[in-house]
Amino acid sequence: MLQKISGGEIILLKDDFNRTIKNLRISLTSKCNLRCIYCHAEGEQNPKEEISREDIAEILRVGEKFGITSVKFTGGEPLVRRDLVDIIRSVPESMESSLTTNGTLLAPVARDLKDAGLSRVNISLDTLRPDRYIEITKKDMLANVFEGINAALNVGLTPVKLNVVLLKGINEDEINDFIDFVRNKRNLILQFIELMEFDGNKYRTNVTALEKELQAQSKTIITRRMHHRKKYCLNGSEVEVVRPMHNNEFCAFCNRLRVTSDAKLKPCLLRHDNHVDVRGKRGEELEELFLKAVKLREPYFT
Ligand code: SAM
């Protein structure tokens, strides 16, 4: 499971399925200022005591020791955390940091985040229409999201990825509008996301047909290392598709360890029964818990 790199001090985290962990995804809070009708809230509906800045810094320090090269912060909405800029500052220099946000609160702090070392952002936006935005999020903040996108592009939090979850009967008719929205915009990439199913989620739609259509229209298709996602390049628009459900490639190429907003290592996106509590843990004790969490990793879809 452990692999020493000759001559170096880094010890790589490799799970029993030959997947090397290179990436952390840390949820900073379960709180959010939007109320999206389909949201899985990263499986964290109930607010609990939030992971502390000190715990995050230690997790990052240990992650660096284990050869982790990138970290993504998520939530809830990470921008509701007042100490977000300080958290970004605590990311080791060797790690690339990014953030996924609904973009509504981004514009006023984009510059500070960039100066603190944040590399880029994903901005979640499921519709370009104001009335629909209210229907989906229960808030009238679409204009703030557009400001957030512009601010991110202006200060260089790039490439900016626009996350669009496809929702049956709600936004499927906006696929081409989104492709047009990113067309010929440098550093703006579109990412269509398949809705993850959970009880009562009636908006789920099959994205296989969309992928086939993109495949047919694309001049170039790039396969990314992360989850083996495909990037389609079509006529001035870059489009990725994220398909976590029933997708064994997603699992086979998963190199990510998650951290919940209540300070638990989470070996698999789709499991809630094998978390490893690391609140307050430091040094070797935390390293052992990283190893334990990695040992628990197994592909959900095979
Ligand atoms: N508030 C931040 C944001 O909007 O990006 C971070 C948290 S949000 C849970 C992270 C991403 O998960 C967003 O792009 C959101 O659209 C997506 N998401 C939420 N529920 C989902 C579901 N059931 N299936 C697929 N993606 C989902």
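All ligand and atom numbering here is 1-based and tracks the order in the structure. This is a predicted model, so every value here is computed, not measured.
Counting heavy atoms only, Y38 comes closest to atom 16 (O) of ligand 1 of the residues F73, Y203, Y38.
For V165, every heavy-atom contact with ligand 1 shorter than 4.0 Å involves the side chain, none the backbone.
A salt bridge links E287 to K65: at least one charged side-chain nitrogen sits closer than 4.0 Å to a carboxylate oxygen.
An N or O contact shorter than 3.5 Å is missing between D126 and ligand 1 by distance. Of the N or O atoms in M196, one or more lie within a sub-3.5 Å distance of an N or O in ligand 1.
Using a 4.5 Å cut-off on side-chain heavy atoms (C-beta onward), K22 and L12 make contact. Considering only heavy atoms from C-beta on, N255 stays 4.5 Å or farther from R19 through its side chain.
For ligand 1, the atoms sitting less than 4.0 Å from at least one non-hydrogen atom of L195 are 22 (C), 23 (N), 24 (N), 25 (C), numbered in the order shown with element in parentheses. Every atom of ligand 1 is numbered from 1 in the order shown, and the set under 4.0 Å from a heavy atom of G75 is 6 (C), 7 (C). Near G76, meaning under 4.0 Å from one of its heavy atoms, ligand 1 places the atoms 1 (N), 2 (C), 6 (C), 7 (C). Within ligand 1, the atoms closer than 4.0 Å to a non-hydrogen atom of N163 are 14 (O), numbered from 1 in the order shown. Close contacts between ligand 1 and C39 involve ligand atoms 9 (C), 19 (C), 20 (N) [criterion: under 4.0 Å to a heavy atom]. Ligand-side atoms of ligand 1 in range of T74: 6 (C), 7 (C), range being under 4.0 angstrom from any heavy atom. The ligand atoms of ligand 1 that sit less than 4.0 angstrom from a heavy atom of T101 are 2 (C), 3 (C), 4 (O), 5 (O). Close contacts between ligand 1 and E194 involve ligand atoms 25 (C) [criterion: under 4.0 Å to a heavy atom].
The six-membered or imidazole ring of F66 lies near that of F290, with a centre-to-centre distance under 6.0 Å.
A side chain to side chain contact (heavy atoms under 4.5 Å, CB included) with I59 is found for exactly one of L289, V71, L286, namely L286.
Qualifying ring-ring contact (aromatic ring centres under 6.0 Å, His included) partners for F17, counting only residues two or more places apart in sequence or in other chains: none.
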Below 3.5 Å, can you tabulate the donor-acceptor pairs from side chains in residues 158-170 to any protein atom, sequence neighbours excluded?
residue, atom, partner, partner atom, Å
T158, OG1, G156, O, 3.4
K161, NZ, E240, OE2, 3.3
N163, OD1, N122, ND2, 3.3
N163, OD1, Q191, NE2, 2.8

> Run the salt bridge (charged side-chain N to carboxylate O under 4.0 Å, His left out) check on E298 and R271 step by step: do they pass?
Replying inline: CA-CA 10 Å; E298 51 185 13; R271 280 182 62 175; 2.9 Å; yes

